[in-house]
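One is the number of the first residue; the rest follow in order along the sequence. As the structure is a computational prediction, the values presented were derived from the model and not from experiment.
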Amino acid sequence: MTKSTIRDLIIIITMLGAFAIVQLNPVEKVASGEKIQLDKFIPQEFPSYLPLWKSISYDMSGYKDKWQSINELLVRKYYQWDKENIDFILEYSSDMRKNFSFHFPENCHRSGGNEVDFFEPLEIELSKGKVLKARLLFIKGMKGSVEEHDKLVAYWLVIDKKQYHKTFWIKVDQMLSGLLKQSKTGFLVRIDYTEGAAYSDEGLKRGKELIARFVRDLYYEF
């Protein structure tokens with residue numbers, strides 16, 4: 001066997017072992033009711049220069065998922081003068097061990113009856129030479145599905161201040177956290193481009209540019 005095959009087998013065995021231990025020894029979520037006021041943490045308007053991003057916030061104060069894995073959820077629609085807009089979703093979990101937390105867009109939309117196409121990660125250049133990589137996928141809204149419209153989706157996770165965009169390594173981290181009984185806080189940052197989304201070179205280019213501009217403006221505020 002090659003070194004890469006042996007490595008993959010070790011990873012799979014580790015994951016299965018961690019998964020089994022977590023299932024046989026369920027842990028209580030740390031600070032399951034903790035709120036950190038995401039609506040105050042993320043600015044409703046930015047930046048101070050034009051074009052200005054404004055937002056409409058949706059009331060998610062009563063949100064609860066059946067797994068009780070998410071502590072707090074923020075959902076906003078940000079828009080500019082030229083009517084371009086995106087949906088911004090931020091999930092916060094105080095403990096990544098319980099049910100592996102978070103709602104990965106591809107899983108939610110597939111279960112809802114939509115088709116999902118994956119692209120190379122979206123690389124967004126920030127200040128001081130930093131590059132943020134986001135997972136990028138296109139949701140094809142199918143007739144009769146939960147959401148019958150197309151959208152371009154970019155997302156990434158921050159777990160204990162470390163950024164991820166590959167779900168495989170996210171799962172490894174979460175399983176090891178359960179195995180070692182280490183609680184970790186985490187955020188899922190998701191941006192949806194729906195209005196004007198089209199599965200074409202021009203449509204994808206426009207959507208990626210808008211998402212990248214929004215992320216750069218958001219990070220500028222911090």
Side-chain angles (χ1 to χ4, degrees), residues 36 38-39 41-43 46 53 55 57-58 60 63 65 67 69-79 84-94 96 99-112 114-126 130-141 145-147 149-174 184-197 199 203-219 221-222:
I36 59 173
L38 293 176
D39 59 330
F41 180 61
I42 304 296
F46 61 89
W53 288 100
S55 69
S57 297
Y58 298 93
M60 306 302 296
Y63 172 81
D65 64 356
W67 302 283
S69 57
I70 306 301
N71 289 64
E72 194 173 356
L73 177 65
L74 174 69
V75 180
R76 283 190 183 141
K77 181 179 291 292
Y78 282 90
Y79 60 94
E84 287 187 309
N85 62 77
I86 57 94
D87 292 313
F88 177 77
I89 299 98
L90 179 62
E91 297 180 8
Y92 164 66
S93 174
S94 66
M96 298 295 295
N99 294 304
F100 307 121
S101 303
F102 295 135
H103 305 129
F104 296 113
E106 58 267 36
N107 296 337
C108 293
H109 281 280
R110 279 171 173 165
S111 63
N114 291 328
E115 291 184 2
V116 180
D117 278 1
F118 294 88
F119 298 94
E120 290 296 313
L122 178 62
E123 297 189 0
I124 304 170
E125 294 185 8
L126 306 176
K130 183 177 180 180
V131 176
L132 185 149
K133 289 186 178 182
R135 192 169 178 83
L136 186 68
L137 46 108
F138 192 90
I139 308 296
K140 295 181 179 178
S145 64
V146 175
E147 292 186 44
H149 52 261
D150 296 344
K151 63 171 66 176
L152 185 66
V153 177
Y155 75 91
W156 67 92
L157 290 99
V158 180
I159 303 175
D160 277 4
K161 299 183 179 180
K162 184 177 180 180
Q163 191 250 342
Y164 292 84
H165 71 279
K166 294 183 178 180
T167 53
F168 175 80
W169 294 111
I170 295 166
K171 292 297 184 183
V172 170
D173 195 318
Q174 289 177 306
K184 293 185 176 183
T185 59
F187 298 87
L188 184 145
V189 188
R190 171 179 168 180
I191 301 161
D192 291 3
Y193 172 63
T194 304
E195 194 169 311
Y199 197 77
L204 293 172
K205 181 175 181 292
R206 181 180 177 84
K208 288 191 286 186
E209 288 177 349
L210 181 64
I211 290 172
R213 187 165 80 239
F214 173 81
V215 172
R216 282 194 292 267
D217 288 351
L218 177 64
Y219 267 73
E221 291 299 302
F222 289 103

Worksheet entry | Note: D87-K77 ion pair, threshold 4.0 Å (strictly below) | yes
Worksheet item: Checking R135 side chain against L157 main chain: does a donor-acceptor pair fall under 3.5 Å?
Response: no
Discussion item. Using a 6.0 Å cut-off, check whether atom CD of E195 has over 12 heavy atoms from anything other than its own residue.
Written reply: no
Practice prompt. Write down the atom of A197, the atom of K151, and the distance for their closest heavy-atom approach.
Written response: CB-CA, 4.0 Å
Fill in: Candidate list L210, V153, N85, L204, test side-chain contact (heavy atoms from CB on, under 4.5 Å), partner Y193, passing option
L210
Worksheet entry | Flag if over 12 foreign heavy atoms under 6.0 Å of NZ, K208 | no
Worksheet item: Please walk me through it: do I36 and Y92 pass side chain to side chain contact (heavy atoms under 4.5 Å, CB included)?
Response: CA-CA 8 Å; I36 59 173; Y92 164 66; 3.9 Å; yes
Item to complete: Rounded to the nearest 0.5 Å, what's the gap from CD on E91 to CZ on F104? Could you check?
Response: 9.0 Å
Worksheet item: Can you name the salt bridge (charged side-chain N to carboxylate O under 4.0 Å, His left out) partners of R190, sequence neighbours left out?
Response: D192
Worksheet entry | Residues forming a side-chain contact (heavy atoms from CB on, under 4.5 Å) with V189, sequence neighbours excluded | F88, L90, W156
Discussion item. Quick check for you: to the nearest 0.5 Å, what is the distance between R213 atom CZ and I211 atom CD1?
Written reply: 11.0 Å
Item to complete: Nearest 0.5 Å please: distance from the OG atom of S57 over to the CG atom of L38.
Response: 11.0 Å
Practice prompt. Rounded to the nearest 0.5 Å, what's the gap from CG on L132 to CD on Q163? Could you check?
Written response: 4.5 Å
Worksheet item: Mind checking what makes salt bridge (charged side-chain N to carboxylate O under 4.0 Å, His left out) contact with E209, not counting sequence neighbours?
Response: K205
Item to complete: Please name all residues satisfying salt bridge (charged side-chain N to carboxylate O under 4.0 Å, His left out) with E123, sequence neighbours left out, ordered by chain then number.
Response: K133
Practice prompt. First locate atom CD1 of I70, then atom CZ of F187, and finally report the distance between them rounded to the nearest 0.5 Å.
Written response: 11.0 Å
Item to complete: Under the side chain to side chain contact (heavy atoms under 4.5 Å, CB included) rule, what do L126 and V215 come out as? Steps first, then yes or no, please.
Response: CA-CA 8 Å; L126 306 176; V215 172; 4.3 Å; yes
Worksheet item: Taking all non-hydrogen atoms of both residues, which atom of P43 and which atom of Y78 are closest, and how far apart?
Response: O-OH, 2.6 Å
Item to complete: Take atom CD of E221 as the centre, draw a 6.0 Å sphere, and report whether it contains more than 12 heavy atoms from other residues, nucleotides or ligands.
Response: yes
Discussion item. Just to verify, what does S145 make a side-chain contact (heavy atoms from CB on, under 4.5 Å) with, not counting sequence neighbours?
Written reply: N114, M142, E148
Fill in: Flag, side chain of E106 to backbone of L137, donor-acceptor distance under 3.5 Å
no
Worksheet item: Checking side chain to side chain contact (heavy atoms under 4.5 Å, CB included) for the pair T185/N71: CA distance, chi angles, key distance, verdict?
Response: CA-CA 10 Å; T185 59; N71 289 64; over 6 Å; no
Discussion item. Taking atom CZ as the centre, does F41 end up with more than 12 heavy-atom neighbours from other residues, nucleotides or ligands that are less than 6.0 angstrom away?
Written reply: no
Item to complete: May I ask you to decide if the ring planes of W53 and F214 are parallel, tilted or perpendicular, using 30° and 60° as cut-offs?
Response: perpendicular
Worksheet item: What do the steps show when you test V116 against K140 for side chain to side chain contact (heavy atoms under 4.5 Å, CB included), and what is the final call?
Response: CA-CA 6 Å; V116 180; K140 295 181 179 178; over 6 Å; no
Discussion item. Holding to salt bridge (charged side-chain N to carboxylate O under 4.0 Å, His left out), I want the full list of residues that pass it with K130, two or more places apart in sequence or in another chain.
Written reply: none
Item to complete: Any chance you could measure I124, atom CD1, to I191, atom CD1, to the nearest 0.5 Å?
Response: 6.0 Å
